[in-house]
Amino acid sequence: MISSCIHRGKIRAFRLCCPRYLSAVPTAQELDQPLKNSPVPEDGVAAHVQKLNQILQSCARNGDAIEGKACHAQVIHLGLHSDTLTANILVNMYSKCGLLDYARKVFDGMPHRSLVSWNTMIGTLARVGEDQEALTLFIQMLRRGKEGAHAPFSEFTLSSVLCACAAKCALLECKQLHAFSVKAMMDENVFVATALLDLYAKCGLINDANSIFESMRDRSEVTWSSMIAGYVRNEMYEEALVLFQRGQVIGLEHNQFSISAIICACAGLAALIEGNQVHAILWKAGFGSNIFIASSLIDMYAKCGSIREAYIVFLGVEEKNTVLMNSIISGFAKHARPTEAMVLYEKMQQMGMYPNEVTFVCVLNACSHVGSVQKGRKYFDLMIKEYNLSPNVLHYACMVDILGRAGLVNEAYDLIAQMPFDATSSMWGSLLSSCRNHGNLDLAVVAASKLFEIEPENAGNHVLLSNVYAANKKWAEVARVRKFLKDSEAKKEKGRSWIEIKDKVHSFMVGERNHPRIADIYDKLDRMMEEMERMGYRAETEHDLHDVDSGRKQELLKHHSEKLALAFGLMCSSPNAPLRIMKNLRICVDCHSFMKLASSITGREIIVRDTNRFHHFTDGSCSCGDFW
DNA sequence: CGGGCGGGTG
């Protein structure tokens, strides 16, 4: 940083004492016809050319297109435009200044192109997203190379072309280029290897990416952050954390890119302990005020169940943008705090920020929590009429959810029928849940059959439908679905809950036996049950089918994974901290009322995250706005 | 004179 400032200082000083370069704005005539008697300075042509090139390079660094053009005129005056070195610098200058057409014109007009000329042009095209053109030029380059002027390509070419392929996720080309690099013995170059690694990760071949990473002898900062980001992109969050840790151990300084990726990993795992540690690390490293990192921190805290922490991070950011606002609004929406979400939406207008389509997904999500059809419709209209945004599938999914939860299942169905998209499984799933909760058997069957078409392997859908039959006392149908589930290959994901206590994650399954303190946990749970039953709690077992034999059903229901996690949390956590329980499936009716009562008799705040939504239980009630 | 990494959404 400092050295580049000093360098720039030198150039400025040079400019001030050489005004003739600045005044030489070329006219069309001049560009066509180089002057016969151009002034050649006394210290010789060579020195003059060198100075011109230096200025052009400084123009490239500073993005100064006007002065760059002036120098271009000088180049033409001096008849230097066929000089390969100067023309290369010109191509680079124009492309760094964003004048792609000028760069291409100079490139096309060059009588002799060197390897660098091709590399610069291909690199530019790849950088600005002209992927196809970059690849076309690469092929041209290979053909010309065969004529023997220079080696067909270099490490520089490869990394640029790989970058172009990455944008297209062109796996076949990637593999060809990998073979190319091995043949040319360029696969050990850190730039080429990192670009290959990144491309494999982007195409989902994370194992290939990792084997490149492991085989590299020297890895740069970029190599590390590409690998970490690759894991995160492929939802391999634990692997990302392990790699991050490995970097820490060898004393690697993590940069803003690896930090933001790793926060995403923590968010994806709902890992608050690790998230807190990363927060400390990034604060020490001085990334605390980076808006990208702040946005992902907010999201991470919200997804870990810590909306207060998320809000504190939000308040600490001075210059807010739309994305940052979206993060906090989405957090409040997930945590069933629609008022806060809507107030923040209003704040955006006051601060002169424009909401985007993501903002409206978040706000509509908040409406579905509060169960306000009226507000939902209001925002849906607002985004179309006031902000000229066209609703996408997610907005329609929110509306289907809002209408369904409010009991307007037929209207939700009509919306699905008339929207300009194919219905997604999440829409039918939402509609099916709503039909179950509002007892609409006919529509439930319709929604379920659509779901079975889209996700035949997901047994959860069949369980959901059988619960609708159970709620309507259609026992023959319940039995039929159960038999189908037994015979078919479809598998229901096993319910699992986990809780973080004192730097450790404790995970539980239904009827868990393996936890070291399992006896104490069942004991604690039994005592809570007794107290609750005295208060009138009855385990709700009729409406939920859990694909187990009915003899064990009653017993197993007592031992739902989230209840075990809760009992353990009550035994081991510090007395006033909120209990944060994570669950991989939707919380059931029985557990929901159990948690309400538990919050009442223990006086503790209980937070349960099910499918990306949070239920805050305090004093015997829940914030979620669902009717149970 | 040229090259590889980035944040938010049911």
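The sequence lines fix the lettering, A, B, ..., with proteins before strands; numbering per chain opens at 1. Keep in mind that this is a model prediction, so the values were computed, not measured.
If you check every strand for non-hydrogen atoms under 4.0 Å, A/Ser220 touches a base. Among the protein residues, A/Thr424 comes within range of no part of the nucleic acid, since none of its heavy atoms lies under 4.0 Å from any strand. No engagement by A/Val400 is indicated, since no non-hydrogen atom pair under 4.0 Å with the nucleic acid exists. A/Glu357 comes within contact range of no nucleotide atom at all, as no heavy-atom separation falls under 4.0 Å. Within 4.0 Å of A/Asn392, counting heavy atoms only, lies no atom of the nucleic acid at all. No contact: A/Asp83 has no heavy atom under 4.0 Å from any strand. Residue A/Ile298 is out of contact with every strand shown, counting any heavy-atom pair closer than 4.0 Å.
Applying the salt bridge (charged side-chain N to carboxylate O under 4.0 Å, His left out) rule to A/Glu188 yields the partners A/Arg217; only residues at least two apart in sequence or on another chain are considered. Under the rule for a salt bridge (charged side-chain N to carboxylate O under 4.0 Å, His left out), the partners of A/Asp108 that lie at least two apart in sequence or sit in another chain are A/Arg104. A search for salt bridge (charged side-chain N to carboxylate O under 4.0 Å, His left out) contacts involving A/Asp299 returns A/Lys303, not counting sequence neighbours.
Comparing B/dC1, B/dG3, B/dT9 by their closest approach to the side chain of A/Ser330 singles out B/dT9. Listed nucleotides B/dG8, B/dC5, B/dG3 differ in distance to A/Phe257; the shortest reach to its side chain belongs to B/dC5. When the nucleotides B/dG8, B/dG7, B/dC5 are ranked by their closest atom to the side chain of A/Asn356, B/dG8 comes out on top. Side-chain proximity of A/Val361 to the nucleotides B/dG3, B/dG10, B/dG8 is greatest for B/dG10. Side-chain atoms of A/Asn321 lie closest to B/dG7 of the nucleotides B/dG10, B/dG7, B/dG3. The side chain of A/Ser260 has B/dG7 as its nearest neighbour among B/dG8, B/dG10, B/dG7. Among the nucleotides B/dG4, B/dT9, B/dG7, the one closest to the side chain of A/Ser295 is B/dG7. Residue A/Cys264 places its side chain closer to B/dG7 than to any other of B/dG7, B/dG4, B/dG6.
A/Met141 places its CE atom 12 Å from the C1' atom of B/dG3, with the value rounded to the nearest Å. Atom CG in A/Asp299 sits about 15 Å away from atom C1' in B/dG6, given to the nearest Å. In this entry the distance linking CG of A/Asp610 with P of B/dG10 reads 13 Å, nearest Å. Across the protein-nucleic acid pair, A/Glu253 atom CD and B/dC5 atom C1' stand 17 Å apart, rounded to whole Å. For the pair A/Ile328 CD1 and B/dG8 P, the interatomic distance rounds to 15 Å; values are reported in whole Å. Distance A/His254 NE2 to B/dG6 C1': 15 Å, rounded to the nearest Å. In this structure, A/Asn326 atom CG and B/dG10 atom P are separated by 11 Å, rounded to whole Å. Distance, A/Arg61 CZ to B/dC1 C1': 11 Å, rounded to whole Å.
Close to B/dC1, at under 4.0 Å from its OP1 or OP2, lies a side-chain N or O of A/Gln57. Put simply, A/Lys96 has a side-chain N or O that comes within less than 4.0 Å of OP1 or OP2 on B/dG3. Contact annotation: A/Lys202 side-chain N/O to B/dG4 OP1/OP2 distance is not under 4.0 Å.
No hydrogens or angles were tested; on distance alone, nothing pairs the side chain of A/Asn92 with the base of B/dC1 as donor and acceptor under 3.5 Å. Counting distance only, with no hydrogens placed and no angle test, the side-chain atoms of A/Thr194 and the base atoms of B/dG4 include a donor-acceptor pair under 3.5 Å. Interface remark: the A/Ser159 side chain does form a donor-acceptor pair with the B/dG3 base, using a distance-only criterion of under 3.5 Å. If you check distances only, the side chain of A/Asn189 does reach the base of B/dG3 with a donor-acceptor pair under 3.5 Å. Interface remark: the A/Thr120 side chain does not form any donor-acceptor pair with the B/dG3 base, using a distance-only criterion of under 3.5 Å.
A/His395 places a side-chain N or O within 3.5 Å of a backbone atom of A/Glu357 that can act as its donor or acceptor partner. Within the 3.5 Å criterion, the main-chain N or O of A/Ala201 finds no donor-acceptor partner in the side chain of A/Arg233.
Remark: ring of A/Phe292 does not overlap the six-membered base ring of B/dG7 in a stacked fashion, as centroids less than 5.5 Å apart with planes less than 30° apart are not both met.
Listed by first then second residue, pairs satisfying salt bridge (Lys or Arg N to Asp or Glu O under 4.0 Å) with a partner in residues 255-265 of chain A number zero, not counting sequence neighbours.
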### Message
Is there a side-chain contact (heavy atoms from CB on, under 4.5 Å) between A/Lys175 and A/Leu205? Walk through the geometry before answering.
### Response
CA-CA 11 Å; A/Lys175 294 211 156 169; A/Leu205 297 182; 4.2 Å; yes
Side-chain polar contacts of residues 120-131 of chain A - donor-acceptor pairs under 3.5 angstrom, sequence neighbours left out - could you list them?
residue	atom	partner	partner atom	Å
A/Thr120	OG1	A/Val116	O	2.6
A/Thr124	OG1	A/Ser95	OG	3.2
A/Thr124	OG1	A/Thr120	O	2.7

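Between A/Val313 and A/His279 there is a side-chain heavy-atom pair separated by less than 4.5 Å.
Near DNA chain B, meaning a heavy atom under 4.0 Å from it, residues 224-234 of chain A has A/Ser225, A/Ser226, A/Arg233 in order of number.
Classification of A/Glu214 and A/Arg246 as a salt-bridged pair holds, one side-chain N sitting under 4.0 Å from a carboxylate O.
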